[in-house]
Amino acid sequence: MSAIENAASKVKEAPNLAPSVIRLEILVELIRVSDNPQTFHQALLLMANLARLAPDSVLHHVMPVFTFMGSNVFHRDDTYSFKVVQQTVDSIVPVMVASLRRAHSQTLDLYIGSRDFLKVFTDAANHIPRHRRTNFFAHLVDVLGSEDFLAPVCMLLVEKVANKVTKQDPGEVQASFSLPTSVLLHTPSSMQIRTLTTLLHESKRLASRIRHPEIVDPTFLEVSSEDASNTPLSTLLRRRSQALILFVSNALKSPATGSTTSKGELSNLVAALISLAALQVDMKPDQAIDDICLAARTCLNKALNILAASDFISGILLMMESGDELVQSGALDLLSERISHITEKTRQTVVPTIVKIINFICGLITSQSNEGLIRAAYKAVRSIGLSMCPGEESSLTDAVPLMLTSIRGRKSASVALSALSPLPTKIGPRIIPHFRDIITETVAIIQEDPFAATEDGYSILRGLLVSIPTFWGAREATQIITLYMDHCASTSNSPSPVMLGLVKSLAKRAPSSVLLLALFDLWASFTASLRMERFVAYFDVLARTLRSAARTAILEHIRPLFKVFLEAFDLAQVSGSDSESRAILAFQELVVKLNEAAFRPLFRRLYDWAFVNDNGIDLSINLSGLMNPYMSFLLAPFVELLGSYATEKFDNQVLWDGVIETLTKSLSYDEGAFWRDDRLRQIASPLIQQIPVCIKSPTEDKSALQGCLVALVECVTDDMLLKSINLEVLMHTRSEDVRLRLLALTCSTKLWQVHGGKLLGFAAETSTFIAECTEDENDMVVRESFKLKDAVENVAGNINGLS
């Protein structure tokens, strides 16, 4: 054999020999039966040398040669044996590769055609000494050609451990994949990414085979009949598909993997992962691929972590241009989730790419009928809008008409609203051409289903108020006010927080004159069919408008405003106390915005309406010191009203409450300018005469009267008037009615507790009434008299000897 090898090595030009000329089967048989290492080493070297001279002859015997080499040589752990193996591989493998390439022009066909040949090496992997395995397979891939054969070699090595890695924890998985990972890392990073993408394509083919077993498409990791006899075919396919994804995930842990790769290669990898992650999982148990999809999502997150932000955005654009709807939808979802995490500096550098993506999205929305893809597109537009950078305004503005079309069609209205919601504040005046259409469609959506519109519809309207408030006219304001009133009518006057926030923004942002004109028109249109809920909502908006309006705007519309209030006070008497209180609160906002010159004629007209026309309206307005000069108009009517109640000629409880509250506030806020002793004398006796009126009233009315009497005594400076008030109250303790005696004692106790220092000079005369009451036949009167005695003695000391 040495002589033949020596002779063959001297032949420089390879002759055209027929396969039968050199009988290589003798060498094959010698390799098979020989037990002497030197013999089969020499036989292998000779065969390797003859491969140059008679490649066709070698090709006929290549499988048995490597099979016997795997069983007899691979396990030997010596340098010479390993060198023989390498020389054999270097000489014979290229012959086999050339033959395979001639037979198979398509990549997958080449993989499938080379499977049995490659399995000779991968099946013998465990026979190769552990420290030589990586070098052997790295060398084998180099000889085979890494571009075509790295992927199938890695897939076969992964297949060997597929049954166990799907059940292992991450640490054990890394150890199981150590050999294919080491082989992969011996190649350039761009080659690694292309190889991993190829593995993902095979994983998808296997998953498709599980989902559609009736469609038998070719796959590289085909399950043999022997394997399928022990384990269900779907289980084996599932394990192999999942194992390939786990291997990709494990290989992507290395930062070097993505260091010098092109954007297109990385985007292809991400697209393949998206295709796997988005596969339908709601299948029959034997067709379920949940574990595969879950592994793909986990791997996708790791893949995205090795991408620079700019590469990620470029990859999204490439995936959008792929034409695969599944990939496009997944890419848009990724963009929606991750664009907010990009730093502002980087975000500004990718503006041109983002603009292209927006334009592509607009094209998709226009041409697509796939509901899922359209939803993903609108979600991406929303995310872009929330993080918008200068330069993207025009593209986002171009998308607004498409959103309006979707909102009108109602099919994708919710996601279109969501996409539109950040744009008013982001693109500002650019949205003006669509301003009225946006308000009309958004209000229509909220009216149809206020809860389905969620926050987005309200956010759009608030954004328009913030960005372009001066463009709001009466028509737009009327739509919002009507929407609010309808909402209050349907929710029993309990507006939702988002609706209330919208009305607050309207009152603060929209031009006051526009709002007032809209409110006047609305008042004229619905007073005929007014409902209490609408009444309350109307004056809630009016109050907020007046609070935010400039004084000049209010003075400009003072006449129609006052007309509305007078009509409202008439209606409030039949609508209920809640309506009345809301109207008065709104009137309050009007009053505090007026100066003396503007308010005086208004007050005169209100006085004429209230007393000349005998209208019973609650006048308990928060007067403070500002309003006290106007009490000169009311003092005489109040005295007359109180006298009517004392003589039981009048019994309107609401009016009585209003009079007492108004007097209490006026007395409390007075600084001595109005309530002088002469005016206090006019009102003191009528007020004390209300004690008998209150004995049948609720506790609140009794407390209100006590508060008014306390405020009265606070203003009194004349001792004679103080004495008169004290005696007049105490005289009611001699009434035949127990209830009146009790209330009189309670009022007197309250006065002494608060103003004991001012009443100190009247302790003796008070003690006489106390002594009488302590002997009363009613125990409750006796107990109340002792309370009064304690109040007096706290100021005057022991009064037992005074009576």
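These numbers were taken from a predicted model, which means no experiment stands behind them.
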Sequence neighbours excluded, every pair satisfying side chain to side chain donor-acceptor pair (under 3.5 Å) that has a member inside residues 428-439: S394-R430, R436-E476

Taking atom types as modelled, is there a side-chain donor on D657 or Q653 under 3.5 Å from an acceptor on the other? yes

Sidechain-backbone polar pair: T346 side chain, I342 backbone, donor-acceptor under 3.5 Å: no

Only counting residues at least two apart or in another chain, list the ones meeting side chain to side chain contact (heavy atoms under 4.5 Å, CB included) with A399. C362, M403

Are F650 and N652 close enough, and set up right, to give a side chain to side chain contact (heavy atoms under 4.5 Å, CB included), and what steps lead you there? CA-CA 6 Å; F650 210 68; N652 188 323; 3.7 Å; yes

Partner set under salt bridge (charged side-chain N to carboxylate O under 4.0 Å, His left out) for D398, not counting sequence neighbours: none

Of the non-hydrogen atoms in K563 and E567, which two are nearest, and what is the gap between them? NZ-OE2, 2.7 Å

What residues form a side chain to side chain contact (heavy atoms under 4.5 Å, CB included) with V693, not counting sequence neighbours? Y645, W656, Q690

Is any side-chain heavy atom of D521 closer than 4.5 Å to a side-chain heavy atom of T478? no

Are there over 12 heavy-atom neighbours, none belonging to R544, within less than 6.0 Å of that residue's CZ? yes

Mark yes or no for whether S418, through its side chain, and S414, through its backbone, hold a donor-acceptor pair below 3.5 Å. no

Using the side chain to side chain contact (heavy atoms under 4.5 Å, CB included) rule, take C708 and L687 through it: C-alpha gap first, then chi angles, then the decisive distance, then the call. CA-CA 8 Å; C708 191; L687 272 178; 3.6 Å; yes

Does anything in residues 344-362 pair up under salt bridge (Lys or Arg N to Asp or Glu O under 4.0 Å), and if so which pairs, sequence neighbours excluded? R347-E392

Examine distances only and state if a side-chain atom of S459 and a backbone atom of E455 form a donor-acceptor pair shorter than 3.5 Å. no

F565: what forms a ring pair (Phe, Tyr, Trp, His ring centres under 6.0 Å) with it, not counting sequence neighbours? F539, F587

Heavy atoms, side chains only, cut-off 4.5 Å: are L590 and L542 in contact? no

Can you check whether G457's main-chain N or O pairs, donor with acceptor, with T442's side chain at less than 3.5 Å? no

Looking only at atom types and distance, does a side-chain atom of T545 sit under 3.5 Å from a main-chain N or O of V541, one as donor and one as acceptor? yes

Side-chain (N359) to main-chain (V355) donor-acceptor, under 3.5 angstrom: yes

Which residues pass the side chain to side chain contact (heavy atoms under 4.5 Å, CB included) test with S703, sequence neighbours left out? T699

Could you list the donor-acceptor pairs under 3.5 angstrom formed by side chains in residues 502-518, with sequence neighbours left out?
residue	atom	partner	partner atom	Å
S505	OG	G501	O	3.1

Apply ring pair (Phe, Tyr, Trp, His ring centres under 6.0 Å) to Y378 and list each qualifying residue two or more places apart in sequence or on a separate chain. none

For residues 546-558, pull every pair meeting side chain to side chain donor-acceptor pair (under 3.5 Å), keeping only residues two or more places apart or in separate chains. R547-E589

Does T440 reach the side chain of R475, with side-chain heavy atoms less than 4.5 Å apart? yes

List in chain and number order the residues that pass side chain to side chain contact (heavy atoms under 4.5 Å, CB included) with S668, two or more places apart in sequence or in another chain; answer none if no residue qualifies. T664, A711

Might you point out which heavy atoms bring D333 and A376 nearest each other, and give the distance in Å? OD1-CB, 3.6 Å

Tell me, which pairs form a salt bridge (Lys or Arg N to Asp or Glu O under 4.0 Å) where one or both residues lie in residues 479-495, sequence neighbours left out? D486-R534

Please check: side-chain N/O of S490 versus main-chain N/O of H487, any donor-acceptor pairing under 3.5 Å? yes

What do the steps show when you test I660 against F638 for side chain to side chain contact (heavy atoms under 4.5 Å, CB included), and what is the final call? CA-CA 9 Å; I660 296 299; F638 277 8; over 6 Å; no

I'd like to know if the side chain of S383 and the backbone of S336 have a donor-acceptor N/O pair within less than 3.5 Å. yes

Using modelled atom types only, decide if a donor and an acceptor are shared between the side chain of Y538 and the backbone of L519 within a distance under 3.5 Å. yes

